[in-house]
Amino acid sequence: MSVCSLVSEDDSHKPIQLHHQHSVTLGRGPETKIKDKKCSREQVELRADCNRGFITVKQLGVNPTNVDDVVVGKGNRVTVKPGQRLYMVNQQYPYRVRFTEDTSTPRSAAELSKPSKRAHRMSSEGNAEKIKSPANTASDHHRMSDDSPPPKKIPSSGSDKSESAGHWSQGLKVSMQDPKMQVYKDDRVVVIKDKYPKARYHWLVLPWDSISSLKALRLEHVELLKHMQRVGDQMLQQCPDAHKLRFRLGYHAIPSMSHVHLHVISQDFDSPCLKNKKHWNSFTTDYFVESQGTLYTKTAGYSKLQINVFVVL
DNA sequence: GTTCTAGAAC
DNA sequence: GTTCTAGAAC
């Protein structure tokens, strides 16, 4: 009897052996190394018929499993023969089935070399635009000849794009330049309303000088920080509800947004934008580093907060 | 930072 | 059934 293997065309893991008439459930997990949340942990149920040389695949997950360009559909079962390609989910994670004889019969080899029997029911966008990239070829050299390379998973670039202008983390730099957002400005700082206020009053004080993060602060910034603090205090003084609300001024220890910014926030936390634990914790725990009276000059005691230089204000 | 969503947890 | 959570995308 021949032996059936499920072979990852991405070469992302070793072939998985399918025993004759034994059901195997596969999906997201260590066996396939698929981490894509769109892929269920139990995405497919596979069963090999080693005598007849095919497997059946039943789609268990919600998102589509394909055999070539045909969606299996949840709850449905179809066959996969050598030459056909099984995509675990969303036309990604391509697999082939391979039957190898442990005897010397040539049938398996003949089967393997058969051209794809896939019906050309491809939609017009089909595979015409899919160009095999040179980077693909190195790992492809064992693949059977085929005119349709699998959809290429495009890995996110290794380069850090978070510093590029359009990235979400650069949003404050855009907002602070927008006159409609500004509620105060002078020659050193600008104040804007937080776009997603976590309380009834929530301002951000930003220096015009580009200081990407607290880690970039140096002693020469002390006067600027003091000025930011003074401007923050002025915001309270002009606030009509200041007398009945408590305020805190401070920095997030590990902010998501680039460009140093001082939060000036009332302590009512009455806001539809305060939606989860992370929001709450970011203003009510040590993650919120109060600016006034805070003194650190080295990382020592505050290494967890990733602050290099902090000063008495 | 927010939003969206699948799957887990309840 | 609803809520929570963790990732991914932006």
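So that the names make sense, note that chain A is the first sequence line, chain B the second, and so on, each numbered from 1. Hydrogens, waters and symmetry mates play no part in the numbers below; they use all other heavy atoms, side chains included.
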Engineer: Reckon A:H252 touches a base, only the sugar-phosphate, or nothing at all at heavy-atom distances under 4.0 Å?
Structural biologist: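 Contact class for A:H252: sugar-phosphate only.
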Engineer: Rounded off to whole Å, could you give me the NZ-to-C1' distance for the A:K278 and C:dC4 pair?
Structural biologist: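 To the nearest whole Å, that distance equals 16 Å.
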Engineer: Please state how far atom CD in A:Q92 lies from atom P in C:dA8, giving the value in whole angstrom units.
Structural biologist: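 Atom CD in A:Q92 sits about 12 Å away from atom P in C:dA8.
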Engineer: For the pair made of CG in A:L60 and C1' in B:dA6, what is the distance, rounded to whole Å?
Structural biologist: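 Result: 15 Å.
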Engineer: Would you say a side-chain N or O of A:H279 is under 4.0 Å from OP1 or OP2 of B:dG1?
Structural biologist: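 The answer is no; no side-chain N or O of A:H279 sits under 4.0 Å from OP1 or OP2.
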Engineer: For the pair made of CE in A:M176 and P in B:dG1, what is the distance, rounded to whole Å?
Structural biologist: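 Those two atoms, CE and P, are 17 Å apart.
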Engineer: Choose from B:dT3, B:dG1, C:dG7 the nucleotide whose nearest atom is closest to any side-chain atom of A:W168.
Structural biologist: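 For the A:W168 side chain, the nearest candidate turns out to be B:dG1.
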Engineer: Could you walk me through whether A:E163 and A:S258 pass the side chain to side chain donor-acceptor pair (under 3.5 Å) check?
Structural biologist: CA-CA 8 Å; A:E163 289 175 17; A:S258 186; over 6 Å; no
Engineer: Please state how far atom NZ in A:K37 lies from atom P in C:dA9, giving the value in whole angstrom units.
Structural biologist: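 After rounding, the reported distance stands at 13 Å.
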Engineer: Of the listed nucleotides (B:dT3, B:dA6, B:dA8), which one gets closest to any side-chain atom of A:N63?
Structural biologist: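 Comparing B:dT3, B:dA6, B:dA8 against the side chain of A:N63, the answer is B:dA6.
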Engineer: Between A:S40 and B:dG7, is there a side-chain N or O to OP1/OP2 distance below 4.0 Å?
Structural biologist: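 It does, given that an N or O in the side chain of A:S40 lies less than 4.0 Å from OP1 or OP2 of B:dG7.
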Engineer: Choose from B:dT3, B:dA6, B:dG1 the nucleotide whose nearest atom is closest to any side-chain atom of A:K38.
Structural biologist: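 Ranking B:dT3, B:dA6, B:dG1 by closest atom to the A:K38 side chain puts B:dA6 first.
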Engineer: Tell me: CD1 of A:I34 to C1' of C:dG7, nearest whole Å?
Structural biologist: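 Checked: the CD1 to C1' distance equals 16 Å.
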Engineer: Nearest to the side chain of A:K277, which nucleotide is it out of B:dT3, C:dT5, B:dG7?
Structural biologist: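 That would be C:dT5.
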Engineer: Just say parallel, tilted or perpendicular for the rings of A:H252 and A:Y287, cut-offs at 30° and 60°.
Structural biologist: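 Correct class here is tilted.
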Engineer: State which of B:dT3, B:dG7, B:dG1 makes the closest approach to the side chain of A:K275.
Structural biologist: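 The closest nucleotide is B:dT3.
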Engineer: So how far is it from A:I55 CD1 to A:Y95 OH, rounded to the nearest 0.5 Å?
Structural biologist: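 Reported to 0.5 Å precision, the distance equals 11.5 Å.
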Engineer: Answer yes or no: is there an ion pair linking A:R230 with A:D233, defined by an N-O contact shorter than 4.0 Å?
Structural biologist: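 A:D233 and A:R230: not salt-bridged.
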Engineer: Can you check the A:Q170 CD to B:dG1 P distance for me, whole Å?
Structural biologist: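 Atom CD in A:Q170 sits about 13 Å away from atom P in B:dG1.
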Engineer: Quick one: A:N276 CG to B:dG1 P, roughly how many Å, whole number?
Structural biologist: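 Distance check: A:N276 CG to B:dG1 P gives 11 Å.
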Engineer: For a quick check under 3.5 Å, do A:D268 and A:S266 share a side-chain donor-acceptor pair by atom type?
Structural biologist: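 Judged by distance alone, the side chains do pair up.
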Engineer: Below the 4.0 Å mark, does B:dA8 have OP1 or OP2 next to a side-chain nitrogen or oxygen of A:R41?
Structural biologist: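 Checking A:R41 against B:dA8: at least one side-chain N or O falls below 4.0 Å of OP1 or OP2.
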